[in-house]
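Computed from a predicted structure; not experimentally measured. For the numbers below, each heavy atom of this structure counts, side chains included, while hydrogens, waters and symmetry mates do not.
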Amino acid sequence: MPHRAPGAPKKGRADYLSGRPIRYYRPQGSADVRRLIDDGFQAFNAARLGEACRIFSDKMLLPEHDTTIGLTVAGALTPAGLGGCVVELMERGLIDFVISTGANLYHDLHYALNFTLHRGSPFVNDVELYEEGVIRIYDVLFPASVLLETDTYIREFLVRWGVDRPVSTAELHYALGRDLIERQPGCQEYSVVAAAAALGVPIYTSSPGDSSIGMNVAFHELMNGSGLMIDPNKDVNEVCSFILAGKKNGCVILGGGSPKNFYLQGQPTLWEVYGIPKGGNDFFIQITTDSVVWGGLSGATPAEAVSWGKVNPGVLPDTVVAYCDSTIAFPLFCEYAVGSEHGRRPRKELMHKRDEYVASLKQEAIAARPEHAVPTKRKAGPSGERSR
């Protein structure tokens, strides 16, 4: 498809940035959406999405289950305005911790800092965009200055924070969120990072160097001589400690990729490395466009995850994969959950319990080590390998 018809005039920066601003969408629990999903989504992937909605609302959120719920986020979802759905779920206590690509958190900062991303078209001339200083994420357009000013804010925050030691990504994101709230009062209403800090929800990034936040941390070390380091060991142990402490465990996976595996490796880490036979997930919901036939993790099914110890074999009826674009399915999923009978739970505020839970993990691992140094029998499905 041509970028523009022959002879059409060249567009300028103002033309490209003339689209409506992208705002964070906050679900309100629409009864009409719930009716559509329950009565209209009757087969194929529409039915799978309905199944996901009901597993989440009718099972995972039951008070007697007290499920510890992790949300994993891959794909450019915050630039598309879906951060508002995440904020709503956190505020209502419907998710307890988040594992996200660093890019989603970085682009979330644009909203917290009051920069504007615009609706646009994917059928544009990218050479012209480059010449006009406009960045494109498919059909999302914004000035290149947004990146530069966001980078400047991150670097200045790191100097203000003054931490000179290894930290988990949760600690980094919490401090970043608190700084945003202090400097941009009220931004927790439209920023995932700020809202998570206000609500005590830890946010992890499984590959922190693979984003502009990590790039600026690297700058801070090289140019400022800082000893601030992101320690992935802390992330692994903190996530494992949440899983260990959970009465039941469940996940909502958007896309797949590294955040998906980083969450799901928790159960194999407990039995395989620490010798603690916790068992796999009790609930598993994934929304993805990837297919199992390509052999990648993003398309791997919950049935396959059983062999790795990531999902308990007896709970496959409480697992589902909806093959759909997350920008379509996730807002519908959230409307359904928010409008459900159990659409609000007490928040666990796991951010403030990390040290306590990691200490318990260490205590159990020490007790289990003599007996389970070389596991010989797997209990109720624990199995796995960290890379799959």
Side-chain angles (χ1 to χ4, degrees), residues 23-38 49-50 52-73 77-78 80-100 104-105 108 111-112 170 173-174 177 180-181 186-204 242 245-254 259 263 282-287 318 326-327 329-353:
R23 305 296 187 196
Y24 266 10
Y25 174 79
R26 296 286 292 268
Q28 299 178 349
S30 166
D32 289 336
V33 170
R34 288 179 57 84
R35 177 178 174 273
L36 170 67
I37 292 172
D38 281 336
L49 179 57
C53 291
R54 288 182 286 274
I55 288 173
F56 188 74
S57 298
D58 300 343
K59 295 183 178 181
M60 292 175 70
L61 297 182
L62 282 180
E64 56 265 36
H65 286 165
D66 190 24
T67 308
T68 297
I69 301 173
L71 173 72
T72 80
V73 184
L77 300 188
T78 57
L82 268 67
C85 292
V86 180
V87 172
E88 189 70 28
L89 295 185
M90 291 192 298
E91 195 277 330
R92 290 174 168 270
L94 304 185
I95 54 175
D96 301 307
F97 64 99
V98 177
I99 302 170
S100 172
N104 272 306
L105 305 180
D108 172 79
Y111 294 88
H173 297 142
Y174 178 76
L180 288 168
I181 293 170
C187 69
Q188 62 268 32
E189 295 299 319
Y190 47 88
S191 164
V192 172
V193 174
L199 301 170
V201 177
I203 301 179
Y204 296 91
F242 298 157
K247 180 179 177 181
K248 286 184 177 291
N249 292 285
C251 55
V252 177
I253 298 167
L254 305 181
Y263 173 81
D282 301 287
F283 305 100
F284 177 113
I285 293 170
Q286 183 174 10
I287 299 169
D318 295 330
S326 292
T327 62
F330 188 53
L332 296 172
F333 176 90
C334 292
E335 286 285 356
Y336 195 98
V338 167
S340 72
E341 178 184 357
H342 306 297
R344 188 177 293 275
R345 303 191 305 172
R347 292 191 293 269
K348 295 184 184 295
E349 299 189 358
L350 295 178
M351 185 65 208
H352 309 305
K353 301 175 182 178

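- For the pair Phe330 and Leu77, the minimum side-chain heavy-atom distance is 4.5 Å or more.
- For the pair Gln188 (side chain) and Ala197 (backbone), a donor-acceptor distance under 3.5 Å is absent.
- The existence of a salt bridge linking Glu88 and Arg92 is confirmed by a sub-4.0 Å separation between a basic side-chain nitrogen and an acidic carboxylate oxygen.
- Side-chain atoms of Ser100 and Thr72, non-hydrogen and from C-beta on, never get closer than 4.5 Å to each other.
- Between Arg34 and Ser340 there is a side-chain heavy-atom pair separated by less than 4.5 Å.
- No side-chain donor-acceptor contact under 3.5 Å links Glu335 to the backbone of Val33.
- Under the 30°/60° scheme for interplanar angles, the aromatic rings of His65 and Phe283 are found to be tilted.
- Closest approach of Ile37 and Gly50 over heavy atoms only: CG2-CA, 3.6 Å.
- Counting heavy atoms from C-beta on, the side chains of Ile203 and Tyr174 never come closer than 4.5 Å.
- Proximity of the aromatic rings of Phe56 and His342 is defined here by a centroid distance below 6.0 angstrom, and this criterion is not met.
- Other residues, nucleotides and ligands contribute more than 12 heavy atoms inside 6.0 Å of the CD atom of Glu64.
- When only modelled atom types and interatomic distance are considered, Thr68 and Asn249 share no side-chain donor-acceptor pair under 3.5 Å.
- With a 4.5 Å cut-off on side-chain heavy atoms, Thr67 and Leu61 do not count as touching.
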*Chi angles and distances behind the side chain to side chain contact (heavy atoms under 4.5 Å, CB included) call for Val193, Leu180*: CA-CA 8 Å; Val193 174; Leu180 288 168; 4.2 Å; yes
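- Between the CD1 atom of Ile181 and the SG atom of Cys187 there is a distance of 6.0 Å, given to the nearest 0.5 Å.
- The CZ atom of Arg345 sits 7.0 Å away from the CG atom of Asp66 when rounded to the nearest 0.5 Å.
- Between the side chain of Lys353 and the backbone N or O of Lys348, at least one donor-acceptor pair lies under 3.5 Å.
- Taking a 6.0 Å sphere around CD of Gln28, one finds it holds 12 or fewer heavy atoms contributed by other residues, nucleotides or ligands.
- Checking side-chain atoms of Asp108 against main-chain N and O of Val192 turns up a donor-acceptor pair under 3.5 Å.
- Under 4.0 Å is where a charged nitrogen must lie from a carboxylate oxygen, and between Asp318 and Arg54 no such pair does.
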*Could you walk me through whether Val201 and Leu350 pass side chain to side chain contact (heavy atoms under 4.5 Å, CB included), step by step?*
CA-CA 6 Å; Val201 177; Leu350 295 178; over 6 Å; no
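- Within the 4.5 Å cutoff, the side chain of Val98 has heavy atoms near those of the Ile95 side chain.
- The pair Lys59-Asp282 does not count as a salt bridge, with every side-chain nitrogen at least 4.0 angstrom from each carboxylate oxygen.
- Note that the CD1 atom of Ile99 and the CG atom of Asn104 stand 13.5 Å from one another [nearest 0.5 Å].
- Two residues are said to be in side-chain contact when any heavy atoms from C-beta on lie closer than 4.5 Å; Pro27 and Tyr25 meet this criterion.
- Two residues are said to be in side-chain contact when any heavy atoms from C-beta on lie closer than 4.5 Å; Leu89 and Ile69 fail this criterion.
- Here the closest non-hydrogen pair linking Thr327 and Ala80 is CG2-CB, 4.1 Å.
- Here the closest heavy-atom approach between residue Cys85 and residue Pro331 is recorded as SG-CA, 4.0 Å.
- Note that CG of Leu332 is 9.5 Å distant from OG of Ser30, once rounded to the nearest 0.5 Å.
- Of all heavy-atom pairs between Tyr263 and Gly250, the closest is OH-O, 3.4 Å.
- Classification of the Phe97-Phe242 ring pair by plane angle, with boundaries at 30° and 60°, yields tilted.
- Across all their heavy atoms, Tyr111 and Gly81 have their closest contact at OH-N, 4.1 Å.
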_Asp38 and Tyr336: CA distance, side-chain angles, deciding distance, side chain to side chain contact (heavy atoms under 4.5 Å, CB included) verdict_ = CA-CA 9 Å; Asp38 281 336; Tyr336 195 98; 2.8 Å; yes
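- The structure places CD of Glu91 at 6.5 Å from CG of Leu199, a figure rounded to the nearest 0.5 Å.
- Here the straight-line distance linking atom CZ of Phe333 with atom CD1 of Ile287 works out to 6.0 Å at 0.5 Å rounding.
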